[in-house]
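Data first, discussion second: the structure below is written as structure tokens.
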There are 2 protein chains.
Amino acid sequence: MISGKFAITIHILTLLHKFPNDYLSSEYIAGSINLNPVLVRKEIANLKAHHIVESKEGKNGGTKLAVNAAELTLKQIFEMTFETIGLGFAKNQPNPDCPVGKNINQHLEVLYSEMNQNVSKQLEGISLEDFSNQF
Amino acid sequence: MISGKFAITIHILTLLHKFPNDYLSSEYIAGSINLNPVLVRKEIANLKAHHIVESKEGKNGGTKLAVNAAELTLKQIFEMTFETIGLGFAKNQPNPDCPVGKNINQHLEVLYSEMNQNVSKQLEGISLEDFSNQF
DNA sequence: TAAATTTGTAACATATTTTATTACAGTATG
DNA sequence: CATACTGTAATAAAATATGTTACAAATTTA
């Protein structure tokens with residue numbers, strides 16, 4: 001199972017970009033994603049921690065973009081919502097007495113690290129504005 | 001949570017490549033991965049369905065490679081164990097009355113499809129033999 | 001200043017996926 | 001014919017992701 005964090009976050013940011021002058025409520029955003037507002041607020045908390053959005057508490061409060069959408073890349077959003085991309089590891093520690101078991105994870109890490117560089121390069125070329133303007 | 005299928009499968013194949021003349025038992029392979037033998041057999045069933053390995057039942061049975069390791073690419077292994085790479089989707093159907101909700105998944109699919117092409121290209125350049133010879 | 005609305009967050013519940021275990025029929029070997 | 005495997009089903013346990021409820025704190029506006 002892969003978490004929907006990236007998808008949810010980019011959905012939130014696209015909405016914020018569409019209404020640059022408004023503070024959107026978690027309730028409103030949740031209505032577009034069809035998600036519980038608490039989960040929206042959790043992703044917003046993450047975005048706030050990275051200074052991508054700012055929010056205002058209280059009546060008529062909500063959240064708005066705090067950065068230039070042309071300068072925020074999908075790579076940054078990726079890094080805020082995923083540790084890294086990859087094809088996974090076996091859950092248990094492999095047998096250290098087996099030459100393959102002993103080194104497999106290290107080799108997988110190298111492979112996945114190359115995948116990340118690859119994907120990062122792609123995502124670096126797309127801004128939130130680019131993404132949002134498709135709609 | 002990301003499944004360990006790819007990692008387990010490549011571990012199995014690396015072991016088989018190291019012992020090209022032997023039928024390795026699921027018990028033995030499981031000992032290297034530190035995994036339940038039944039799960040090893042399930043991945044082997046998948047490999048068999050793709051004609052990558054062959055196995056022999058009964059005493060002294062087991063599994064061995066059925067293809068040339070120089071010609072089996074990590075891309076093929078990836079495709080046998082993952083549908084596709086990507087950064088996920090929100091679980092629920094987004095609001096079709098919202099212009100963003102209506103189209104977000106379609107745009108994400110395009111993005112992920114590009115990621116797949118990108119990663120596939122990378123994995124296509126690495127054979128099982130290449131991978132295994134690192135050990 | 002009181003009512004209304006919203007964020008922030010904790011605590012807990014449910015759902016889904018992944019991994020593990022048990023069991024046993026069937027098959028080949030020696 | 002005993003042994004040691006595969007193949008597979010059924011079930012359980014663990015891990016992760018999502019959902020819900022609740023409420024304090026903040027801010028607006030009447």
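In what follows, chains carry the letters A, B, and so on, assigned in the order in which the sequence lines appear, proteins first and then strands, with residues in each chain numbered from 1. Atoms considered below: every heavy atom in the structure, side chains included; atoms not considered: hydrogens, waters and symmetry mates.
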Test side chain to side chain donor-acceptor pair (under 3.5 Å) applied to B:Thr63 - qualifying residues, sequence neighbours left out: none
Contact boundaries on DNA chain C for chain A, cut-off under 4.0 Å to non-hydrogen atoms: C:dA4 to C:dA20
For B:Lys75, salt bridge (charged side-chain N to carboxylate O under 4.0 Å, His left out) partners two or more places apart: B:Glu79, B:Glu124
Sequence neighbours excluded - ring pair (Phe, Tyr, Trp, His ring centres under 6.0 Å) pairs with any residue from residues 8-34 of chain B: none
For B:Thr14, all residues meeting side chain to side chain donor-acceptor pair (under 3.5 Å), sequence neighbours excluded: none
Any pair counted as ring pair (Phe, Tyr, Trp, His ring centres under 6.0 Å), so long as it reaches residues 79-99 of chain A, sequence neighbours left out: A:Phe89-A:Tyr112
With sequence neighbours excluded, residues passing side chain to side chain donor-acceptor pair (under 3.5 Å) with B:Ser55: none
All pairs passing ring pair (Phe, Tyr, Trp, His ring centres under 6.0 Å) where residues 30-67 of chain B contributes a residue, at least two apart: none
Near-strand residues of residues 2-29 of chain B, defined as heavy-atom separation under 4.0 angstrom from DNA chain C: B:Ser3, B:Gly4
Residues in side chain to side chain donor-acceptor pair (under 3.5 Å) contact with A:Asn60, at least two apart in sequence or another chain: none
Pairs meeting criterion salt bridge (charged side-chain N to carboxylate O under 4.0 Å, His left out) with involvement of residues 89-104 of chain A, two or more places apart: none
Sequence-aligned protein contact record of nucleotides 22-30 of chain D, with B where the base is within under 4.0 Å of a protein heavy atom and S where only the sugar-phosphate is: B---BBBS-
